[in-house]
Amino acid sequence: MVTDNNQPCLVTGATGLIGRRVVERLCASGHSVLAVGRTPTAYEDNEQATYCPLDLHDPIAVTAFFEQYKPRQLIHLAWEATPGTFWQSPENFRWIAASAHLLDRFVAHGGQRAILTGSCAEYGWGQTPLQEHHSALNPRSYYSAAKAAFHNLAQVIAQDIDLVWARVFFPYGPEEDGSKLISHILREISADRLPEFKTSGRAVDFIHLSDVAYCFERLLGAPLTGPVNICSGVALKPLEIAAVAVRLLNKPDLSAKLDDQLANVERELTIVGDRQLLDQVLTQTMPKQKTQMQTRRLLSMEDGLRSYLSAKAR
């Protein structure tokens, strides 16, 4: 069942790292949005987004919300995400129960399409591209195991509606916490220092926040159901990202040192998503569109790093 822009879309975690971008993208595309988050002032000037204060861990309040609003579309982004602690936080267990109740009430009050957020950490990581229907799952943290558990529950709760499980890889953008890898790289190179890494041989699939938001917006109107990777399809080692930053920031004195390090680093692990299903979504003709949309070019790492510099300059 494909939904349209006239039906209100509930976005949980709407003031989080990904949520802000998703709401912004949906509003720009003409969607009516019910935004649930922790910072109401974020939407004071947004006429298309209605901010709804709601504690998702309060089942009575959640039930009352759905009785009042009855949204037909859901993008569920809210989850434990405290930097540095979320991987092994017991809070992940609470989010299984809260998310299951949220989805149950959504279905009970006429919900038609739910896009739930999973993680690439559900997969068993290795050296080959991770495919939604073929790669083995092997969650190894509280966070990834909780996500996988909720996915199993969700398939039962939402068996009579459209359900999408969006496995997000490694989102990055200028709004991220300063302890994150990309911010660390730019900060060190800007100070004429080569950054140090704990896992220099691990190549991972980074996808810019603006691209993540675009993918969610496209998923809302696409016929696809089931798991789908939200990824760039490109894996980069930290030193390879640093090399891009060195060129971008014009730091020739660091370039030779970085080249020496790159020559001596072996690729120990590659975490990269297969993009075949996602590309089908991005090229799918949406309702009321007369022409086929071409695949949107996802941001290169250089363009992604430029977004940090532009944000800093503002």
Side-chain angles (χ1 to χ4, degrees), residues 16-22 24-25 81-87 119-121 125-130 168-215 229-273 275 278 295-314:
L17 187 67
I18 295 176
R20 286 175 182 264
R21 292 281 192 141
V22 169
E24 180 181 289
R25 177 79 202 185
T82 306
T85 65
F86 73 92
W87 287 111
S119 168
C120 67
W125 291 346
Q127 296 291 353
T128 58
L130 299 165
V168 180
F169 276 64
F170 293 84
Y172 73 102
E175 308 98 311
E176 69 184 14
D177 186 82
S179 64
K180 295 291 187 177
L181 178 66
I182 306 294
S183 292
H184 168 65
I185 289 173
L186 286 172
R187 185 168 56 250
E188 291 298 291
I189 291 176
S190 295
D192 295 312
R193 297 189 297 262
L194 280 180
E196 296 182 358
F197 307 109
K198 294 180 180 179
T199 54
S200 58
R202 188 176 79 168
V204 303
D205 187 327
F206 285 97
I207 178 167
H208 196 272
L209 288 170
S210 61
D211 291 329
V212 174
Y214 175 70
C215 292
N229 292 332
I230 306 300
C231 63
S232 67
V234 177
L236 295 173
K237 292 180 291 189
L239 287 170
E240 291 172 328
I241 300 172
V244 176
V246 163
R247 292 194 302 270
L248 188 61
L249 294 170
N250 192 25
K251 300 287 186 177
D253 293 342
L254 296 179
S255 184
K257 297 177 182 178
L258 189 59
D259 289 342
D260 290 340
Q261 290 188 20
L262 273 169
N264 295 311
V265 173
E266 296 183 3
R267 182 164 293 200
E268 302 165 358
L269 180 67
T270 300
I271 308 168
V272 62
R275 262 187 61 181
L278 180 62
T295 302
R296 181 184 186 272
R297 185 181 71 85
L298 301 186
L299 292 181
S300 66
M301 180 54 67
E302 181 170 340
D303 288 336
L305 296 185
R306 289 184 189 279
S307 73
Y308 286 70
L309 303 181
S310 298
K312 186 176 180 180
R314 288 199 292 268

Distance-only, no hydrogens or angles: does the [X] side chain make a donor-acceptor pair with backbone N or O of [Y] under 3.5 Å?
X: Trp125; Y: Cys120; result: yes
X: Asp211; Y: Leu299; result: yes
X: Ser300; Y: Asp303; result: yes

Would you be so kind as to tabulate the donor-acceptor pairs closer than 3.5 Å made by side chains of residues 261-271, with sequence neighbours excluded?
| unit_1 | atom_1 | unit_2 | atom_2 | d |
| --- | --- | --- | --- | --- |
| Asn264 | ND2 | Asp260 | O | 2.9 |
| Arg267 | NH2 | Glu240 | OE1 | 3.4 |
| Thr270 | OG1 | Gln127 | OE1 | 2.9 |

>> Before you tell me yes or no, could you show the steps for Ser307 and His208 under side-chain contact (heavy atoms from CB on, under 4.5 Å), namely the whole-Å CA-CA distance, both residues' side-chain angles and the distance that decides it to 0.1 Å?
In response: CA-CA 9 Å; Ser307 73; His208 196 272; 2.9 Å; yes
> Could you state the interatomic distance from CG (Leu209) to CZ (Arg25), rounded to the nearest 0.5 Å?
Replying inline: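 If we round to the nearest 0.5 Å, Leu209:CG and Arg25:CZ are 13.5 Å apart.
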>> What verdict does the salt bridge (charged side-chain N to carboxylate O under 4.0 Å, His left out) test give for Arg20 and Glu24, after you've listed the backbone C-alpha separation in whole Å, the side-chain angles of each residue and the deciding distance to 0.1 Å?
In response: CA-CA 6 Å; Arg20 286 175 182 264; Glu24 180 181 289; over 6 Å; no
>> Does any part of the side chain of Ile230, heavy atoms only, come nearer than 4.5 Å to the side chain of Val212, both counted from C-beta?
In response: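 Answer yes - side chains close enough.
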Compile the donor-acceptor pairs under 3.5 Å between side chains in residues 174-196 and protein atoms, sequence neighbours left out, one pair per line.
| unit_1 | atom_1 | unit_2 | atom_2 | d |
| --- | --- | --- | --- | --- |
| Glu175 | OE1 | Arg21 | NH2 | 3.2 |
| Glu175 | OE2 | Arg21 | NE | 2.6 |
| Glu175 | OE2 | Arg21 | NH2 | 3.1 |
| Glu176 | OE1 | Tyr308 | OH | 3.2 |
| Glu176 | OE2 | Ser183 | N | 3.1 |
| Glu176 | OE2 | Ser183 | OG | 2.7 |
| Glu176 | OE2 | Tyr308 | OH | 3.1 |
| Asp177 | OD2 | Ser179 | N | 3.0 |
| Asp177 | OD2 | Ser179 | OG | 2.4 |
| His184 | NE2 | Glu196 | O | 3.3 |
| Arg187 | NH1 | Gly178 | O | 3.1 |
| Arg187 | NH2 | Gly178 | O | 3.1 |
| Glu188 | OE1 | Arg193 | NE | 2.9 |
| Glu188 | OE2 | Arg193 | NH2 | 3.0 |
| Ser190 | OG | Leu186 | O | 2.7 |
| Asp192 | OD1 | Lys251 | NZ | 2.9 |

>> Evaluate Val246 against Lys257 for side-chain contact (heavy atoms from CB on, under 4.5 Å), listing each step before the verdict.
In response: CA-CA 11 Å; Val246 163; Lys257 297 177 182 178; over 6 Å; no
> Going through the checks in order, is the salt bridge (charged side-chain N to carboxylate O under 4.0 Å, His left out) test met by Arg275 and Asp205?
Replying inline: CA-CA 11 Å; Arg275 262 187 61 181; Asp205 187 327; over 6 Å; no
>> Is the ring pair Phe206/Tyr172 parallel, tilted or perpendicular, if the boundaries are 30 and 60 degrees?
In response: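 Plane angle over 60°, so perpendicular.
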